[in-house]
Amino acid sequence: MDIRELDVQELDRRSLALLGGVVAQLKDDQLHLPTPCPDWTLHGLLRHLVSQNEGFAAAARGAGESLSDWRGGDLGADARAAFEASAMLVDDAFAQDGVLDRAFALPEVRNGGAFPAPLAISFHFVDCVVHAWDVAATIGVPWEPDDELSAAALRVAERVPDEGRGPGAAFDRRVPHPDDAPPHHRLLSLLGRDPHWAGGPC
């Protein structure tokens with residue numbers, strides 16, 4: 001697959017809207033709940049999402065080399081507002097003129113190397129699509145990525161290598177799925193999720 005075939009900026013805007021729509025439905029008394037992401041409560045997952053948005057925004061603007069750029073997310077007194085602010089930050093950064101010609105530093109993925117902007121942005125939109133399911137499954141609300149978004153995210157996820165997966169890594173080990181599973185279920189399985197998770201540790 002050639003990432004250049006995808007309109008990654010538009011896909012990212014839509015993935016952020018999908019994730020934001022789910023996050024907007026969470027309640028403060030749900031932040032302690034376990035999520036499909038091992039070792040993360042909903043509070044921890046939201047903090048991760050804010051940190052990632054801030055890190056990608058920094059990378060889009062030519063910074064982001066330090067891990068501290070990716071781990072400073074603060075939910076403050078309002079987790080929903082903190083996520084919305086971080087989403088606006090990364091959305092604005094990805095919309096800059098000439099951003100697709102840049103290289104993004106992604107130290108959590110590969111230390112000492114940079115990624116072409118289209119590939120880096122594709123990582124972000126896949127992350128948003130899948131984490132939208134993590135939040136939706138945790139709080140029991142629908143997760144409904146459109147067919148185009150699911151198909152594009154699946155194309156990117158199929159390129160994630162098996163090496164280096166597991167607890168503490170960016171992605172957990174793949175979960176087996178039926179050959180006739182729908183694209184959005186295959187996407188979840190490829191990135192270490194059980195599409196039928198319904199609470200408790202993954």
Side-chain angles (χ1 to χ4, degrees), residues 8-9 11-26 28 30-96 99 102-115 117 119-139 153 156-157 160 164-172 191-193 202:
V8 291
Q9 289 166 299
L11 289 166
D12 195 79
R13 283 190 287 270
R14 287 158 57 186
S15 72
L16 272 171
L18 173 72
L19 177 53
V22 174
V23 169
Q25 299 177 67
L26 70 85
D28 290 342
Q30 295 174 316
L31 290 172
H32 71 284
L33 294 174
T35 72
C37 302
D39 302 323
W40 273 345
T41 61
L42 191 55
H43 183 281
L45 175 57
L46 265 290
R47 187 175 183 278
H48 167 73
L49 295 176
V50 170
S51 297
Q52 290 293 292
N53 285 341
E54 292 176 352
F56 272 98
R61 299 182 188 281
E65 296 90 350
S66 171
L67 284 171
S68 63
D69 293 323
W70 299 81
R71 297 180 180 175
D74 182 5
L75 299 186
D78 189 335
R80 293 170 299 277
F83 172 80
E84 184 177 354
S86 72
M88 292 177 62
L89 185 71
V90 72
D91 196 35
D92 288 345
F94 284 0
Q96 295 177 92
V99 72
R102 299 174 189 167
F104 283 28
L106 305 181
E108 291 186 320
V109 179
R110 183 174 67 203
N111 188 25
F115 291 81
L119 181 59
I121 294 173
S122 78
F123 294 161
H124 185 260
F125 89 71
V126 170
D127 213 36
C128 288
V129 173
V130 175
H131 281 318
W133 177 80
D134 293 329
V135 178
T138 300
I139 65 176
V156 176
V160 177
R165 289 171 176 252
F171 298 107
D172 208 341
L191 297 183
R193 272 85 170 162
C202 186

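By convention here, the first residue in the shown sequence is residue 1. Note that the structure is predicted; figures quoted are calculated from it, not measured.
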*asked:* Check the orientation of F94 and F104. Use parallel for under 30°, tilted for 30 to 60°, and perpendicular for over 60°.
replied: tilted
*Taking C-beta and beyond as the side chain, do P36 and T138 meet within less than 4.5 Å on heavy atoms?*
yes
*Should the ring pair W40 and H48 be called parallel, tilted or perpendicular, given that the plane angle runs from 0 to 90° and is split at 30 and 60?*
tilted
*Please examine the side chains of D92 and R61, heavy atoms only from C-beta on, and report whether any two atoms are closer than 4.5 Å.*
yes
*With distance as the sole criterion, is a donor-acceptor pair present between the side chains of D127 and H124 under 3.5 Å?*
no
*asked:* Can a donor-acceptor pair be found, under 3.5 Å and without considering hydrogens, that links the side chain of Q52 to the backbone of L49?
replied: no
*side-chain hydrogen bond (donor to acceptor under 3.5 Å, both in side chains) involving R47 - partner list, sequence neighbours excluded*: none
_Quick one, E108 and L67 - any side-chain contact, counting heavy atoms below 4.5 Å?_
yes
*Check whether any side-chain heavy atom of L16 lies under 4.5 Å from a side-chain heavy atom of N53, and answer yes or no.*
yes
*asked:* Heavy-atom count check: over 12 atoms from other residues, nucleotides or ligands less than 6.0 Å from E84 CD?
replied: no
*Kindly indicate whether the side chain of V135, heavy atoms from C-beta on, has any atom under 4.5 Å from the side chain of L45.*
yes
*L106 side chain reached by W70 side chain, heavy atoms, under 4.5 Å*: yes
*asked:* Using a 3.5 Å distance criterion without hydrogens, assess whether the side chain of R80 forms a donor-acceptor pair with backbone atoms of L26.
replied: yes
_For the CZ atom of F83 and the CG atom of D78, what is their distance to the nearest 0.5 Å?_
12.5 Å
*Taking the side chain as C-beta and beyond, is there a heavy-atom pair between D134 and H131 under 4.5 Å?*
yes
*What closest approach, in Å, do A63 and A105 show between heavy atoms, and which atom pair accounts for it?*
O-CB, 3.9 Å
*Ignoring hydrogens and geometry, is there a side-chain-to-backbone donor-acceptor pair from T41 to H32 under 3.5 Å?*
no
